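Contents: one structure, followed by commentary.
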Amino acid sequence: MVSHIREYTSVTGVAGPLMIVEDVEGVAYGEIVEIETPHGENRRGQVLEAYEGKAIVQVFEGTGGIDTKVTKVRFTGSTLKLGVSMDMLGRIFDGTGKPIDGGPEIIPEKSLDIHGEPMNPASREFPRDFIQTGISTIDGMNTLVRGQKLPIFSGSGLPHNELAAQIARQAKVLGEEEEFAVVFGAMGITYEEASFFMTDFERTGALEKVTAFLNLANDPAIERIITPRVVLTTAEYFAYEKDMHVLVILTDLTNYCEALREIAAARGEVPGRRGYPGYMYTDLATLYERAGKTVGSRGSITQMPILTMADDDITHPIPDLTGYITEGQIVLSRELHRKGIYPPVDVLPSLSRLMKGGIGKGKTREDHANVSDQLYSAYAEGRDLRDLVAVVGEEALTEKDRKYLEFADRFEKEYVTQSKDEGRDILRTLEIGWDLLSILPERDLKRIKEDYIKSYHPKYVREK
């Protein structure tokens, strides 16, 4: 409101993306700041700290060109808000919510604080509904459940962008009456990557159910702090105001955490592990915990954040802290990628902690859990035998060992591998799983109930 705006020209210092304003009154944490440079350029910022008449402001567009003597700073008295509307579906925006697809400005239905409102833990509903991504390694063995937070751990040069675009295109909630949308947020990506996403969404017709926010690598790093919050605010509007089921895909959380580190260094904070701020866990939790479904609400928010691990190190602070907050992880493997396998999902270190609640009779199929356990067990044994063959040679293996070795090879070629335009439904995924299990002696299928073997094993299906 205009009555709360206070203007100052008392900028006393600039450090990285931060600006220090002194002799201020009534300034609050999180307040939005309007900045006018000597050249008449307008920028926005947010108060990071306010004490003893001094305010530290993070400038979203960067501090280049700010003259401390004549720059005007206006404290608006309000927090950062995003104007939202159903017209945002099918549109592409920059990291702060401005349209970049050549379309008109959004006429907002309402304005929402980008920090959202905390969800009452007592009103959270346990995630139980299956989301089909069309990717066998996810749907079959690390199932995504509505309201879950299931990150993808990747590495530099691995095809996580292609996988993100494929999931955005293919993901659906089974059931005709369900309204489904994807809100996609990219942080610190190159122009080529942004072009890939926009072209892919438009080429495949997926854009009509996607709202995309793209923060580019040459945009100020500080903007990356806003982008995921703008994404999640849009998702909350679709989910809780319009009763939609929303899948949020965020890539790349590593760039977001680098921006956090940059701000912390500029503030002169004592660094934590690998120079990241000690509050990074709390900060990531403010993003991840905005996923979920509340009792009495028809809508839901499911998250698939993507992060690249430095040196493929899963113990790095970003994947490590993410693992504590989220409910599992999908791990991409450099070894599978080198073999030419797409998507290179390594099912052994991957995990979906909420899978059991989202599969089974009436959701996917009654044999799903047993088939998944048996596939996991057989593939793990086949991988172990590969290591043994490297030492003793294949001649030393028994006939049964050779079957498991064959299983591991075919599992990677037939179950893990699929084309970038191939969306498999869950029944097709289970069918491929049964075809692979038929390689093994029937007596070795100890993790599957006998009734299911008689109903779904290819040998018995052919006899019917």
Side-chain angles (χ1 to χ4, degrees), residues 88-103 133-135 137-138 150-172 181-221 223-224 226-228 230-231 234-235 246-259 303-310 312 330-334 336-338 340-345 416-424:
M88 295 174 84
L89 263 181
R91 298 291 305 275
I92 300 172
F93 304 88
D94 70 7
T96 60
K98 297 189 184 91
I100 55 171
D101 55 2
T133 65
I135 310 289
T137 42
I138 298 175
L150 186 62
I152 295 174
F153 289 0
S154 184
S156 178
L158 295 182
H160 45 269
N161 286 334
E162 289 85 345
L163 183 59
Q166 187 171 1
I167 291 170
R169 288 197 309 268
Q170 296 176 177
K172 62 173 75 168
V182 175
V183 184
F184 180 87
M187 292 155 281
I189 62 171
T190 63
Y191 180 79
E192 286 77 15
E193 288 172 315
S195 177
F196 160 76
F197 284 119
M198 289 194 286
T199 306
D200 188 83
F201 291 152
E202 287 165 1
R203 173 183 67 84
T204 58
L207 189 58
E208 62 185 40
K209 69 167 186 177
V210 175
T211 301
F213 296 87
L214 307 178
N215 166 269
L216 301 184
N218 62 343
D219 289 333
E223 275 189 23
R224 268 155 237 163
I226 305 173
T227 304
V230 167
V231 168
T234 306
V246 185
L247 175 62
V248 172
I249 299 174
L250 294 169
T251 183
D252 174 352
L253 258 296
T254 299
N255 293 332
Y256 170 82
C257 292
E258 296 292 344
Q303 277 190 33
M304 287 197 90
I306 297 169
L307 54 94
T308 50
M309 303 178 290
D312 296 348
I330 306 293
V331 181
L332 302 192
S333 157
R334 197 167 295 281
L336 291 176
H337 181 57
R338 286 194 188 111
I341 290 170
Y342 174 88
V345 175
V416 179
T417 302
Q418 56 188 101
S419 76
K420 292 173 185 175
D421 292 316
E422 181 186 3
R424 294 178 187 160

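Predicted model, so just to flag it, every value in this text is computed and none were measured.
- Judged as a side chain to side chain contact (heavy atoms under 4.5 Å, CB included), and not counting sequence neighbours, the contacts of Thr204 are Arg169, Asp200, Ala206.
- A pairwise comparison of heavy atoms in Ala194 and Leu216 identifies CB-CD2, 3.4 Å as the closest pair.
- The side chain to side chain donor-acceptor pair (under 3.5 Å) check on Glu422 picks up Arg424, with sequence neighbours excluded.
- Among all heavy-atom pairs drawn from Phe213 and Met88, the shortest one is CZ-CE, 3.8 Å.
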Margin query: Between Asp252 and Thr254, is the side chain to side chain donor-acceptor pair (under 3.5 Å) condition met? List the steps.
Written below: CA-CA 5 Å; Asp252 174 352; Thr254 299; 3.3 Å; yes
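- Every residue two or more places apart in sequence or in another chain was checked for a ring pair (Phe, Tyr, Trp, His ring centres under 6.0 Å) with Tyr256, and none qualifies.
- Taking each heavy atom of Leu336 and Val345 in turn, the nearest pair found is CD1-O, 3.4 Å.
- Taking every heavy atom of both residues into account, Thr211 and Leu89 meet most closely at OG1-CA, 3.4 Å.
- Side-chain contact between Ile167 and Leu247 is present, with at least one heavy-atom pair separated by less than 4.5 Å.
- With values rounded to the nearest 0.5 angstrom, Gln303 atom CD is found 10.5 Å from Leu150 atom CG.
- Between Pro343 and Gln418 the shortest side-chain heavy-atom distance falls below 4.5 Å.
- For Glu202, the salt bridge (charged side-chain N to carboxylate O under 4.0 Å, His left out) test picks out no residue, with sequence neighbours left out.
- By the side chain to side chain contact (heavy atoms under 4.5 Å, CB included) test, Glu193 is found to be paired with Asn161, Ile189, Thr190, residues two or more places apart in sequence or in another chain being considered.
- Judged as a side chain to side chain contact (heavy atoms under 4.5 Å, CB included), and not counting sequence neighbours, the contacts of Gln170 are Ile135, Gln166.
- Proximity of Val182 to Ile249: side-chain heavy atoms (C-beta onward) are separated by under 4.5 Å at one or more points.
- His337 contributes atom NE2, which lies 11.0 Å from atom OH of Tyr342 (distance to the nearest 0.5 angstrom).
- With sequence neighbours left out, His160 forms a side chain to side chain contact (heavy atoms under 4.5 Å, CB included) with Ser154, Leu158, Thr251, Ile306, Thr308, Leu332.
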Check: Can you check side-chain contact (heavy atoms from CB on, under 4.5 Å) on Val248 and Thr234, steps first, answer last?
Finding: CA-CA 10 Å; Val248 172; Thr234 306; over 6 Å; no
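- Partners of Phe184 under the ring pair (Phe, Tyr, Trp, His ring centres under 6.0 Å) rule, at least two apart in sequence or in another chain, are Phe197, Phe201.
- Asn215 and Arg224 form a side-chain donor-acceptor contact under 3.5 Å, judged by distance and modelled atom types alone.
- Of all non-hydrogen atoms in Pro305 and Leu253, the two that sit nearest each other are CB-CD2, 3.8 Å.
- In this structure, the side chains of Pro228 and Met187 come closer than 4.5 Å at one or more pairs of heavy atoms.
- Residue Ser156 holds its OG atom at 11.0 Å from CE of Met309, rounded to the nearest 0.5 Å.
- Listed by first and then second residue, the salt bridge (Lys or Arg N to Asp or Glu O under 4.0 Å) pairs involving residues 93-103 are Arg91-Asp101 (not counting sequence neighbours).
- For Thr133, the side chain to side chain donor-acceptor pair (under 3.5 Å) partners two or more places apart in sequence, or in a different chain, are Asp139.
- With sequence neighbours excluded, the residues satisfying salt bridge (charged side-chain N to carboxylate O under 4.0 Å, His left out) with Glu258 are Arg261.
- In this structure, the side chains of Leu307 and Phe153 come closer than 4.5 Å at one or more pairs of heavy atoms.
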